[in-house]
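Chain letters run A, B, ... following the sequence lines, proteins first, then strands; residues in each count from 1.
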Protein chains: 4
Amino acid sequence: MMNKVILIGRLTRDPELRYTPSGAPVAGFSLAVDRQFTNRQGERETDFINIVVWQKLAETCANHLSKGRLVAVDGRLQIRSYDDNQGIRRTIAEVVANEVKFLDRPKESQQGVPPKGSSIAEGESFGSEISFNEEEIPF
Amino acid sequence: MMNKVILIGRLTRDPELRYTPSGAPVAGFSLAVDRQFTNRQGERETDFINIVVWQKLAETCANHLSKGRLVAVDGRLQIRSYDDNQGIRRTIAEVVANEVKFLDRPKESQQGVPPKGSSIAEGESFGSEISFNEEEIPF
Amino acid sequence: MMNKVILIGRLTRDPELRYTPSGAPVAGFSLAVDRQFTNRQGERETDFINIVVWQKLAETCANHLSKGRLVAVDGRLQIRSYDDNQGIRRTIAEVVANEVKFLDRPKESQQGVPPKGSSIAEGESFGSEISFNEEEIPF
Amino acid sequence: MMNKVILIGRLTRDPELRYTPSGAPVAGFSLAVDRQFTNRQGERETDFINIVVWQKLAETCANHLSKGRLVAVDGRLQIRSYDDNQGIRRTIAEVVANEVKFLDRPKESQQGVPPKGSSIAEGESFGSEISFNEEEIPF
DNA sequence: TTTT
DNA sequence: TTTT
């Protein structure tokens, strides 16, 4: 009935862009979200959360985001089940993003080549894409 | 850094209440959250999301909630990894609740016996419990 | 950059439906949202929050909601300023809803006449309307 | 019953720190939150939203934040009414923050003097303060 | 498998 | 394994 997720964290790797058989772009990346409180050993733990992005927003993320970038994600929590290649039922949790906001500047390129996303101003936003009625996610 | 989840859905079964070795109450239940849009076959899918509740709120949920009840949950998405009994690494997603609001009345008891939660008014809220620095969840 | 509001509360009056000069439907209502904690006098206070709904969702709300109904609202907080008829600058806060979920059944009609919204099942949802690029709200 | 607000924006001025008669610290600042969509004239509008912070988090904000800083705020929308000095009833909307996350680095100081917040790393968080049962906000 |  |  209602399913809202809002995350702020850093990409653990560059986004991967794929296309569904019908041609819809889908991007995926993993977000490291540090917990607010430390555990009993005094360590700060972090949750690694899979993000899925569809359509135009997928291409924007693939073009402008990279490992280490800080983003805010607004989406919904989706639980998918499937059988793996050993026939074991597995369940996957992922956040399907409606909105991804870029919260920091891309790092300077080391060699004069414009880095991915170099023209994106700090804090610039990237519109909203609502994904629905799509085929299976090919990750 | 920021990790917020807000869900509205129905319990798929009665909550289970356990206690950690150190005596902290923990309750768990699964929430059925219908998706907003239907899939390409025109069916409405639903996500089944595990909820974990600690401390006093755990006992309140165990005492007053049951299968079928409608609730709103505010919490954070937590990803835990462990090795199952076949040594296969598995990962579990669950929402650790800070707040659980009861949105409907308990069903009438069939036989004059007061049902669980019968004294709880519609819409009554159950305070906020923030869980942290706790031992492993025994589900 | 990001502006999310999620509320659960009860309508303090029936929604009012208007149309902009260009014909876009807009509905408004006020939501009573009880605070979680009591104040120092031990009283529970409540916030009365103005909700604005556009387009098809406006008509759905006007047709099916009425005073006292319990709803969940997902939207954004909007601050508008204007000069009142005495030339005093005033500022208005309202939540522009993207989604309104109906969380309880309509009350039984007293006289056999079907009440507004009588065909709406408990928990039924009403799609999402995103309002933007609209003219001034005529309340 | 449920009242959640999540905002990302920039401070329009330095925070103001006050103390209630009983000694509780309260800080206030205004947040500029750009809207996602442009209006019919193609301009991007922005909402200016008052934020109130209590207790230790108030002092942390006052010490480390300043005009222009980018933050994420998690809180609740509060509507207060009062009569102004001309006896006109006025209503004020503000977000009472539970959490404030600092999303950018403080600007370099111009003259070698350590700037406010200079020891705060990018993305460092500042715990959570829940304010309740407090006296009137003295702004 | 992990980010700063 | 699933709720209405």
Q.
Please report the distance, rounded to the nearest Å, between CG in A/Leu31 and P in E/dT3.
A. 13 Å
Q) With side chains defined as the heavy atoms from C-beta onward, is the minimum distance between D/Val100 and D/Leu65 less than 4.5 Å? A) yes
Q: Report the distance from atom CG of A/Leu65 to atom P of E/dT2, rounded to the nearest whole Å.
A: 21 Å
Q) CG of A/Leu103 versus C1' of E/dT4: gap in Å, rounded? A) 14 Å
Q: Grab the CZ-C1' distance between D/Arg105 and E/dT4 for me, whole Å please.
A: 9 Å
**Q.** Distance, nearest 0.5 Å, that separates CZ of C/Arg69 from CG of C/Leu31
**A.** 12.5 Å
Q. In whole angstroms, how far is the P atom of F/dT4 from the CE atom of A/Met2?
A. 21 Å
Q.
Side chain of B/Ser30, heavy atoms from C-beta onward: which of F/dT4, E/dT4, F/dT2 has the nearest atom to it?
A. F/dT2
(Q) side-chain contact (heavy atoms from CB on, under 4.5 Å) for B/Phe48 and A/Ile79? Distances and angles first, verdict last. (A) CA-CA 7 Å; B/Phe48 295 98; A/Ile79 310 289; 5.8 Å; no
Q | B/Met1 CE to E/dT2 C1', straight-line distance once rounded to whole Å | A | 18 Å
Q.
From C-beta outward on B/Ala32, which listed nucleotide comes closest to its side chain: E/dT3, F/dT2, F/dT3?
A. F/dT3
Q.
List the residues meeting side-chain contact (heavy atoms from CB on, under 4.5 Å) with A/Asp34, not counting sequence neighbours, and say none if there are none.
A. A/Arg44, A/Thr46
Q. With sugar-phosphate meaning primed atoms plus P, OP1 and OP2, does B/Gly9 contact a base, only sugar-phosphate, or nothing at under 4.0 Å between heavy atoms?
A. nothing
Q | Interatomic distance where CD1 belongs to A/Ile79 and C1' belongs to F/dT2 [whole Å] | A | 13 Å
Q: Compare the minimum distances between each of F/dT2, E/dT3, F/dT3 and the side chain of A/Lys67, then state the nucleotide with the smallest one.
A: E/dT3
Q.
I'd like to check A/Ile49 versus B/Asn3 (side-chain heavy atoms, cut-off strictly below 4.5 Å). Are they in contact?
A. yes
Q | Among E/dT2, F/dT3, E/dT4, the one nearest A/Phe48 by side-chain distance | A | E/dT2
Q. Of the nucleotides E/dT4, F/dT3, E/dT1, which one has an atom closest to the side chain of A/Arg13?
A. E/dT1
(Q) Between P on F/dT2 and CG on B/Asn50, what's the gap in Å once rounded to a whole number? (A) 13 Å
